[in-house]
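Start at 1 and go down the list; that is how both ligands and their atoms are numbered.
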Amino acid sequence: MSNSVGKAFYLTTPIYYVNDAPHIGHAYTTVAGDVLTRWHRQRGEEVWFLTGTDEHGQKVMRTADLNKVSPQDWVDRLVESAWKPNWKALNIANDDFIRTTEPRHTERVQKFLQGLKDSGHIYAGKYEGPYCVDCEEFKLPGDLIEANGEKLCPIHSKPIELVNENNWFFKLSAFVEPLLKHYKDNPDACQPESARNEVLSFLEGGVSDLSISRSTFDWGIPVPWDTDQVVYVWFDALLNYATAVGLGDDPNSQGGRKFAETWPADVHLVGKDILRFHAVIWPAMLMAAGLSVPKKVFAHGWLLVGGEKMSKSKLTGIAPSDITDHFGVDAFRYYFLRAIPFGTDGSFSWEDMSARYTSELANDFGNLASRLTAMVEKYCAGVIPAVAKDRALQSALEATVSKADQAMCALDFQGGINAIMEFCKKVNGYVTEKEPWKLAKDSANQGQLEEVLYNTAESLRALAVLLNPVMPATCEILWESLGANKTLGSISQQKISDVVLWGQLPAGSIVIKSAVLFPRLDDSK
Ligand code: MSP
């Protein structure tokens, strides 16, 4: 489904709790969002990509207490020293970064809440029940697991706490029928299929109203009409997707225009742990306010360590830099999306990552680039020869682009990357079969040799553009070494749909012998 004129492709990641520094689970979601938005930009679409931090609530407050600083100091420090630099290091090209402690967020949250109160969607009540501070979630008794006589959160394996408070409630139960209808009418609105089924059966089981305020601590947004209470952290956090783009602003203001250009979000990317918040509570909040609901919530699986969700609280968190220091940023961006079908859980293993790095990145892709540039330098004085064609390569490329585009737009990153890497293998096969180094032995074959080198260079031109959303730094190096930046413009301007146009690298472009794209791993590190 395409967007109407003037509507950007709007993608969000969850906003992450700043109780700790990012680990590779957080990076998994954000990299996926970055790859998808870069792909859509290269399709020539307007894109808006939002990420940010979730800074209120007990979990963050308690961590700040433990560290003997105020919650505000804690979040300011961690956002600036850990979160923002982490995304920069991973080459994440987000358009905006929202923090829930910013006035642009808190003010719009209060206005939205007041609106729901005025329209009769909020009432006073009493909440009594289990709560997991790590999930920041009111749990249902059936959600819990029992060990040694204690009730534990199944995600964090930690004891739950009992909450007993007078709170404000949102009439969530009133939206069960409209939500069921929405998901039945729009099969794409919640994906993958397993997530959609989970949401449908959860809704069919009936849903209670939701406590949306807390009264026993003060680290949060004050409820506008009852400032002894703060807004429940999830109600506050979910609204970030809309406050960041001007929720509730005058349609003629800058915020109002931004909202019209972006809302509804095209994709909310989330881990499966927070699916219900996004596929039940969030659209119900929007329905209550008379706003359109997101087009798609996509729940991906977990990165597992020892068969369990990797997390800092279980001391299994791995920092992205632990991996990028060894393999480089682009291999990190590539590996998780290539190795794990998006939507299923996957275990991280150094062995698997090393094996793929060597066979797919260093051998299949990196060597192809260095062989080609070295041969152009050696046999053609570093100049791209006359435009040539190869039917088989051309038609393989056409099939690749269509398959990759379809897969990437459907968030099947593995399928998309596989299709592109299959083409890379095909080009390697072409070079092996044509044996240009043998052709070079007899000057009578110079014409044939140049054809082979041109076809290989053109294939690499295509590979650079197709892999650019996944590995932007590497593809930029390749692009420059093909001399393409001087003749075809910057790599980010290249359109996916134009990749198939054969013969774009002009004869005479100067090729620079490529730096090694994926250096041999130093196993001593
Ligand atoms: N603050 C909430 C989200 C609010 S969104 C309105 C939150 N934050 S979180 O810091 O716990 O991050 C949750 C997200 O991080 C998950 O939904 C998922 O996208 C990502 N992951 C955290 N651990 C993960 C794994 N072990 N594996 C894969 N993704 C993981 O929940």
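- For the pair Gly301 and ligand 1, a heavy-atom separation below 4.0 Å is found.
- Crowding of Lys151 atom NZ: a count of heavy atoms from other residues, nucleotides or ligands under 6.0 Å not exceeding 12.
- Heavy atoms of His300 come nearer than 4.0 angstrom to ligand 1 in at least one pair.
- Under the 30°/60° scheme for interplanar angles, the aromatic rings of Trp263 and Trp282 are found to stand perpendicular.
- In this structure, atom 10 (O) of ligand 1 lies nearest to the protein heavy atom Tyr17 N, 3.1 Å.
- Between Lys295 and Asp188 there is no salt bridge, since none of the side-chain N atoms of the basic residue sits less than 4.0 Å from a carboxylate O of the acidic one.
- Taking only non-hydrogen atoms, the option from Val233, Ile15, Val18 nearest to atom 2 (C) of ligand 1 is Ile15.
- Per-residue contacts place Lys309 under 4.0 angstrom from the following atoms of ligand 1 (heavy atoms of the residue considered): 23 (N), 24 (C), 26 (N).
- Residue contacts with ligand 1 for Asp273 involve side-chain atoms from C-beta outward but no N, CA, C or O (heavy atoms, distance under 4.0 Å).
- Contacts of Glu136 with ligand 1, taken as heavy-atom pairs under 4.0 Å, are absent altogether.
- In the candidate list Tyr28, Tyr16, Tyr241, Tyr241 is nearest to atom 5 (S) of ligand 1, counting heavy atoms.
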(request) Determine, step by step, whether Trp234 and Ile281 satisfy the side chain to side chain contact (heavy atoms under 4.5 Å, CB included) criterion, reporting the C-alpha distance in whole Å, the side-chain angles of both residues, the deciding distance to 0.1 Å, and the verdict. (result) CA-CA 9 Å; Trp234 268 100; Ile281 299 176; 5.9 Å; no
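- Heavy atoms of Trp282 stay at 4.0 angstrom or farther from ligand 1.
- Within the 4.0 Å heavy-atom cutoff, Trp234 counts among the residues contacting ligand 1.
- Between His26 and His23, the two ring planes are parallel [angle under 30°; tilted spans 30° to 60°].
- Under 4.0 Å from ligand 1, not a single heavy atom of Phe277 appears.
- When non-hydrogen atoms are compared, ligand 1 lies under 4.0 Å from the backbone of Leu303 as well as from its side chain.
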